[in-house]
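Every chain is numbered from 1, with letters handed out A, B, ... down the list of sequences.
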Protein chains: 2
Amino acid sequence: MSPRGRPRAFDREHALTQAMFVFWERGYEGTSLADLTGAMGINPPSLYAAFGGKEALFCEAVERYGETYGSYTPRALREEPTARAAIEAMLRDNAHTYVDPEHPTGCMVVLAATNCSPANRDVCDHLKAQREEVRELIRARLHRGVEEGELARTVDVEALGAYYATILFGLSMQARDGVGLPGLTAIIDAAMSCWPGAKATENATGAASEMDTAPVASS
Amino acid sequence: MSPRGRPRAFDREHALTQAMFVFWERGYEGTSLADLTGAMGINPPSLYAAFGGKEALFCEAVERYGETYGSYTPRALREEPTARAAIEAMLRDNAHTYVDPEHPTGCMVVLAATNCSPANRDVCDHLKAQREEVRELIRARLHRGVEEGELARTVDVEALGAYYATILFGLSMQARDGVGLPGLTAIIDAAMSCWPGAKATENATGAASEMDTAPVASS
DNA sequence: CCCTTTCTGTATCGATGACTACATAAAAGA
DNA sequence: TCTTTTATGTAGTCATCGATACAGAAAGGG
């Protein structure tokens with residue numbers, strides 16, 4: 001059961017986490033092998049033996065991100081009782097992580113490879129596929145809301161989903177530009193005020209009234 | 001008046017435009033000198049003589065972008081008669097340019113340098129400052145709306161401005177991921193439905209009713 | 001004409017990019 | 001102990017990065 005040869009001298013999980021942070025902060029092309037080996041505390045041969053290469057390491061780092069800091073989106077969309085609560089929790093939970101000073105700001109999937117040279121198209125496409133997955137999860141949750149009678153059948157699920165995905169992606173840019181949690185919270189308040197059926201004469205950016213759902217905790 | 005030495009053999013303006021397109025498509029770090037000289041149809045010494053270097057060329061390309069494809073934002077915020085019309089025109093005009101197949105998708109200021117290696121921090125900060133300028137223009141226009149009585153004094157200009165900036169930035173990511181004009185238009189419809197005072201029982205994503213302002217042209 | 005000035009193309013520069021050859025070290029199996 | 005297997009650290013590989021040295025070409029001034 002124990003592997004045959006010389007045991008690895010570093011913690012693979014910890015090294016992967018460190019790599020994730022660097023990629024998250026500087027993006028794929030902005031991160032060099034020297035940056036990675038420095039942050040991971042290992043030499044290039046160890047990196048290649050354990051992870052295969054820069055691109056493979058990046059993909060694993062994205063996976064790890066999805067299982068940790070990026071897990072709030074699927075969690076909220078899966079576990080919250082209503083579509084509205086799911087979308088709102090998705091936005092607020094992510095906003096919290098986007099500004100956590102313990103790690104880089106914003107979302108790694110949005111910021112780490114928005115553009116690239118043709119040589120790295122695979123990496124770009126990989127993150128693009130991750131974002132498409134988020135869109136699909138949002139759409140699916142809204143569709144379920146329609147099926148369960150929470151949302152009217154007249155609601156354009158496609159459009160509403162794209163709208164909240166836009167908010168989610170835009171929040172990453174705002175966080176990366178230094179907008180803090182109060183700022184992001186105010187943005188989400190505004191974004192939730194146009195939930196279908198929200199009876200607002202003055203919405204969250206003005207004097208609140210007649211919101212049919214109370215805001216979720218934002219600490 | 002004619003310069004002393006050998007005349008330049010290429011059109012500086014045209015070369016700058018080509019450089020802008022490449023930076024727009026691939027980002028600052030994703031673009032190499034070879035990419036630039038190839039697209040501009042010149043050799044490195046000509047590039048350095050005419051523009052100074054990669055970073056200086058990028059800054060000029062961003063300037064050029066601001067005077068052309070990026071000019072819709074300040075135009076809308078300056079010229080539209082009401083704050084609401086200004087914000088809506090800003091979003092719709094930009095959406096049109098974001099998906100124009102004649103050039104790269106999305107906004108160069110949002111996509112060309114969201115993250116970077118420490119060596120290129122200046123470039124990142126430069127674009128970040130450009131985005132801050134957009135935020136300030138939006139805030140100023142909303143503030144003017146309050147002063148002119150269009151918006152209630154209870155409206156949180158800071159929050160509403162951040163909200164529409166988030167939409168604007170998010171649209172770039174959507175466009176870059178392949179969302180077309182109909183998709184972006186639907187997102188903007190939703191975003192405008194939570195304008196303060198919008199009396200919507202069903203908003204743009206459902207069955208529209210009682211919108212106090214008609215949508216602006218979206219072709 | 002020559003001189004100065006500026007631009008152009010070739011052919012690089014040193015630095016850094018991702019990646020690896022190789023000898024050695026540390027474990028298990030025999 | 002000896003072999004096999006895998007990981008490690010040193011020291012490189014080749015390609016490409018942004019940026020230039022240099023010689024010649026194309027203009028104006030004299």
Hey, is the side chain of B:S46 poking within less than 4.0 Å of OP1 or OP2 on C:dC7, counting only N and O atoms? no
Quick one: is B:Y48 getting a side-chain N or O under 4.0 Å of the D:dA19 phosphate, OP1 or OP2? yes
Rounded to whole Å, please give me the gap between [atom1] in [X] and [atom2] in [N].
X      : N      : atom1 : atom2 : value
A:L47  : D:dT6  : CG    : P     : 19 Å
A:N120 : C:dG17 : CG    : C1'   : 11 Å
B:K54  : C:dA15 : NZ    : P     : 19 Å
B:F51  : C:dC7  : CZ    : P     : 12 Å
A:M40  : C:dA18 : CE    : C1'   : 14 Å
B:R12  : C:dC7  : CZ    : P     : 10 Å
A:L36  : C:dC19 : CG    : C1'   : 13 Å
A:R8   : C:dA27 : CZ    : P     : 14 Å

Nearest heavy atom decides the nucleotide; on that basis, is B:Y28 or A:A49 closer to the 5' end of DNA chain D? A:A49
Within 45° cone and under 6.0 Å: B:K54 NZ/CZ vs B:Y28 ring: yes
Result block: side-chain N/O donor-acceptor pairs under 3.5 angstrom for residues 60-67 of chain B, not counting sequence neighbours:
| residue | atom | partner | partner atom | Å |
| --- | --- | --- | --- | --- |
| B:E60 | OE1 | B:R12 | NH1 | 3.0 |
| B:E60 | OE1 | B:R12 | NH2 | 3.4 |
| B:E60 | OE2 | B:R12 | NH2 | 2.8 |
| B:R64 | NE | B:T17 | OG1 | 3.0 |
| B:R64 | NH1 | B:E13 | OE1 | 3.1 |
| B:R64 | NH2 | B:E13 | OE1 | 3.4 |
| B:Y65 | OH | B:M108 | N | 3.3 |

Can you pull out every ring-ring contact (aromatic ring centres under 6.0 Å, His included) where at least one residue sits in residues 99-139 of chain B? Sequence neighbours excluded, please. B:W24-B:H103, B:Y69-B:H103
Select base, sugar-phosphate, or nothing to describe what [X] touches, counting heavy atoms under 4.0 Å on all strands.
X      : value
B:A9   : sugar-phosphate
B:T37  : nothing
B:S117 : nothing

Expected rows: protein N/O vs nucleotides 10-14 of chain D N/O, under 3.5 Å:
none

Using heavy-atom distances to pick each residue's nearest nucleotide on DNA chain C, tell me which of B:G41 and A:E29 is more 5'. B:G41
Listed by chain and number, what are the ring pair (Phe, Tyr, Trp, His ring centres under 6.0 Å) partners of B:Y164, not counting sequence neighbours? B:W195
Quiz question: by atom type and distance under 3.5 Å, do the side chains of B:Q174 and A:R135 form a donor-acceptor pair? yes
Return each pair, listed once, that meets salt bridge (charged side-chain N to carboxylate O under 4.0 Å, His left out) where at least one residue sits in residues 19-32 of chain B; pairs must be two or more places apart or across chains. B:R26-B:D35
Answer yes or no: is there a donor N or O on one side and an acceptor on the other, between the side chain of A:T37 and the main chain of A:A34, under 3.5 Å? yes
Shortest non-hydrogen separation from [X] to [Y] and the atoms involved:
X      : Y      : result
A:R141 : A:P81  : NH2-O, 3.3 Å
A:A112 : B:N115 : CA-ND2, 3.3 Å
A:A95  : A:I188 : CB-CD1, 3.7 Å

Counting primed atoms, P, OP1 and OP2 as sugar-phosphate and everything else as base, the B/S/- map of nucleotides 25-30 of chain D against protein heavy atoms under 4.0 Å is BBBB--
